[in-house]
Amino acid sequence: MAELVKVVVDAMGGDNAPGEIVKGAVEALAESKDIFLYLLGVEEAVKQELSKYTYDRERVEVVACSEVIEMAEPPVNAIRKKKDSSIVKGMHMVREGQADAFVSAGSTGAVLVGGQVLVGRIKGVERPPLAPLIPTDNERGCSLLIDCGANVDARPSNLVQFAKMGSIYMESVMGVKNPKVGIVNIGAEEEKGNALVKETFPLLKACPDINFVGSVEARDIPAGVVDVVVCEAFTGNVILKTYEGVGATLISKVKKGMMSSLRSKIGALLVKPALKQTLKAFDLEQYGGAPMLGLKGLVVKTHGSSKSVEIKNSILQCVTFQKQQINEKIKEKIQLADAK
């Protein structure tokens, strides 16, 4: 029997914890036989949610935690003081090799701080970025956005590393051969952009181990013209939140339009299967969470408002990540670059 991928799930993190978190965990167990889950949180609350479902009890362990890190808490203080919280305890399990991955919908700040301080960075990685998949109109139906929330004040060398790590992820996890890399800019010309983009552009252009194709404007990202979208976290977060807002608004408008008259209702019945499939492409939940690349272990951050489907997909994402040995490949590429 193949060795199971051990995933720690923060059952107390997010707006819908522990209900949606536990539900997503159970759904992941049903979909994959390759995972073992540690559900971390207030024991009574987690077990009460688990009692609602039928699942393989041999592949689940509830780990009791007496503390919870709230969304509004200062992250550094929370990590330092709440040693028995699900986030801190889960990160320690990854660092000590008890688990392969950690998934949380909890405080972004606490997850980012915990990832760097508790799990630790791969030697040579300057700043670990958050890298979610976003829906685009290319063959795979998605591109990687890197960084979307971890490093607001990035340097050119950071963005070069993001491009390299993003390329490894798209090639190994998504099966994209020689992924196209673009830097977010306000125009296609090389001389355009702010100081960071202008300094980074020639560095990316000089990288022999990535397929850099130049600038990508925001309007071209949904078309999937590049596989890896490189930017600092401020820009990345604006892109991600705009995606979420436009997607939700579009779906709402389409539904209202379909229900506006008897004729449109009849038409809606005819196009419903195709429309459902099309609208699904705008749903970010199907892509799982954002892995924090460049750490010694895998940390995946999902939306604070995550429902069970995003939790499930984030857990399943960990299996691919582990089997493709992404951390080892990042370590090899970064350290090779440092040696030159």
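Heavy atoms from other residues, nucleotides or ligands lying under 6.0 Å from NZ of Lys331 number 12 at most.
A donor-acceptor pair under 3.5 Å is formed between the side chain of Ser85 and the backbone N or O of Lys82. Put simply, the side chain of Lys89 never gets that close to the backbone of Val63: no donor and acceptor are under 3.5 Å apart. Side-chain atoms of Asp34 do not come within 3.5 Å of backbone N or O of Leu4 as any donor-acceptor pair.
Lys301 is linked by a salt bridge (Lys or Arg N to Asp or Glu O under 4.0 Å) to nothing, counting only residues two or more places apart in sequence or in another chain. Every residue meeting the salt bridge (Lys or Arg N to Asp or Glu O under 4.0 Å) condition with Lys52, not counting sequence neighbours, appears here in chain and number order: Glu49. Partners of Asn327 by side chain to side chain donor-acceptor pair (under 3.5 Å), not counting sequence neighbours: none found.
Here the rule is side-chain contact (heavy atoms from CB on, under 4.5 Å) with Pro129, and of Val230, Ile146, Leu145 only Ile146 fits it.
Under the 4.5 Å side-chain heavy-atom criterion for Ile, Leu, Val, Met, Phe, Trp and Tyr, Met71 and Met12 are members of distinct hydrophobic clusters.
In terms of heavy-atom proximity, Gly90 sits nearest to Val8 at CA-CG1, 3.7 Å.
Inter-residue side-chain proximity for Cys142 and Met174 is flagged as met; some heavy-atom pair is nearer than 4.5 Å.
In this structure, a donor-acceptor pair under 3.5 Å is absent between the side chains of Ser51 and Gln48. Side-chain contact check for Ser86 and Asp10: at least one donor-acceptor pair (N or O, by modelled atom type) lies under 3.5 Å. With no hydrogens or angles considered, a side-chain donor-acceptor pair links Glu126 and Ser157 at under 3.5 Å.
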Does Phe212 form a side-chain contact (heavy atoms from CB on, under 4.5 Å) with Cys207? I'd like the steps, not just the answer. CA-CA 8 Å; Phe212 180 60; Cys207 278; over 6 Å; no
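Salt-bridge check for Asp227 with Arg140: passed, with a basic side-chain N closer than 4.0 Å to an acidic carboxylate O.
Cation-pi geometry between Arg57 and Tyr55 is met: the NZ or CZ atom falls under 6.0 Å from the ring centre, inside 45° of the normal.
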